[in-house]
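Written below as structure tokens is the structure these notes are about.
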Amino acid sequence: MSAIEVRDVWKRYRRPHQQVSSLKEAVFSFLRGQSGYEEFWALKDISFSVEAGEAIGLVGPNGSGKSTLLGLMARVLKPTQGSIGVEGRVCPLLELGTGFHLELTGRENVFLNASLLGLTNRETARRYPDIVDFAELGDVMDAPVKTYSTGMVIRLGFSVAVHLDPDVLLIDEVLGVGDEHFQHKSFGRLMDFKREGRTIFVVSHNLEAVRKICDRAIWLDRGRMVKDTDSEEVVTKYRAAVAAWERSLEETRAGDARPG
Amino acid sequence: MSELVEVLRYREVLWNLVRRNLKVRYKNSVLGFAWSLLNPLLQIGVWWFLFKVILPGRGEANFMAILVTGFLPWLFFSQTILDSTACVSQEMAIIKKAYFPRTVLPISVLLSNLIHLGFAFIVLLVLFAIWRVDVNAHYLLVIPATVLLALFAYGLSAMLAAWSAFYADVKFIVSNLLGVWFFLVPVLYPLYVALGADRPAGNWLETLIHHALPVIKQLYMLDPVTVAIVAYRSALLHGGANPVVHSESPWLADQYPLWPYVVGAAVISVAVAIIGQMIYQRKADLFAEQG
């Protein structure tokens, strides 16, 4: 049984020409006869399936649709066409820690966040000591989150996520969070997950981490899938492509500088 | 329907959000939760000053009880509507972070305000004890009246929550409209003042008003907020051994055939709730794509 099944997925965003955020602007742009929207396909015809227990990396330049794809799998976004099925408890780690409410204490936020990710308050209470322990925030859990440093917020967010007992873990660019010590710890935790046979889906610009954690990688470029194979191979080819692109940039610049 | 089943599955989230709403509203204030009681009390104090000191000799012996009883449903209604215009933009962080049925947001606003209404009721009972007002036989009628009002408030909330996610203007329009709406429901004046309004035909404008008035009065009576206010007063203040107001009192609508309007307002409330929910669900898929 596949843990993740993505079939013929297309995702279109409608971007307003200018950010229309008031009725007045909406009325004016309507009167000027502008459609108001610019269509943009963030993902084009993406299909793949993931077996339970696989660790998959998602690489590609900025704007290639990686976060959109992750958002679709987390059910935060809806595909314009195609279908996406994910089996089991999904734990998305998108924009880590931003789901916290600044006025509430760390403890209150843990319970709110965990319930959003599918835990009952009772289950959260049972894991609470471990969550606090892992985040190393024992003495500040009853202070409002607005008094935390960025690193503390991120540690707490990561800690909640990894204590949820997820079947599928979706991680968006949060591998390099926290200080050196916490990075080691979170990396170790991910490797544990992998050993336990959970499905991991990682978006990262940190190619070394992708190579280490993932067996398989998907390379996206401008919404299209370029490659979907062994992570070693994808990382090597992707690096080569980036290097080639940088060389061509350099040459154009050199060309522009030449007089004539 | 399936969305409501989904909300039930996520009731833990709903409950946590409600608790969060109750806590956050008064976080950073020294008096904290007391404000949810102090706010209406201060408002009532202003009216007491207005009607007992500046304009004395108006109304009946239990004038204050009549005012306060009508004010409760209004306070619940207006606060629910107002809160709903912020509920999506405030939760953008969790909307972008995790899936949950988005309907949880307006429902959490409704539930938080129902809880506030419950607290306000306790204050009301204390005031009644001070004013030596008996709570009366039909007090349970408050429940269906609240259900009707809650459905109406929910439908409007859902609509406004969806639109305010895309247009910041909605919030300002709503707070202004509520200021007008307050005078279009019989909180500060008895129903007969509105229903007895008459303008003789004269110039074109007066003639227009003259002909429009019967229609306006019908609409006025069909407003679920009006019906709820009248029902609260009838339920709590009228009948029983020691009625605060007598059947002939202008503050009650006994002299008007009220039931057709109750039915009409109930139909309107259910329709608004369904339409509001439909609009909200259609827009909710796009929330996470907002800036």
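Residue numbers begin at 1 in each chain, while the letters A, B, ... track the order of the sequences.
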> Between Glu91(B) and Arg20(B), is a salt bridge (charged side-chain N to carboxylate O under 4.0 Å, His left out) present by the stated rule, with each step listed?
Replying inline: CA-CA 12 Å; Glu91(B) 305 306 342; Arg20(B) 205 276 325 267; 2.6 Å; yes
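Contact annotation for Ile95(B): only backbone heavy atoms (N, CA, C, O) come within less than 4.5 Å of a heavy atom of chain A. The part of Arg102(B) that comes within reach of chain A is its side chain, from C-beta onward, which places non-hydrogen atoms under 4.5 angstrom from that chain. In this structure, chain B has a heavy atom under 4.5 Å from the backbone of Leu119(A), while its side chain stays farther away. Neither the backbone nor the side chain of Trp163(B) comes within contact range of chain A; no heavy atoms are under 4.5 Å apart. Interface remark: Leu117(A) contributes side-chain atoms only to the contact with chain B (heavy atom separation under 4.5 Å).
Heavy-atom pairs under 4.5 Å with chain B were tallied for Thr120(A), Asn121(A), Leu77(A); the largest tally goes to Asn121(A).
Ion pairing of Lys78(A) with Asp285(B) is present here, as a side-chain N (NZ or NE/NH1/NH2) and a carboxylate O approach within less than 4.0 Å.
Under a cutoff of 6.0 Å and an axis angle of 45°, Arg126(A) and Tyr128(A) do not form a cation-pi pair.
Between Phe77(B) and Phe152(B), the ring-plane angle classifies as parallel under the 30° and 60° cut-offs. Classified by interplanar angle (parallel below 30°, tilted 30° to 60°, perpendicular above 60°), the ring pair Tyr13(A)/Phe40(A) is parallel.
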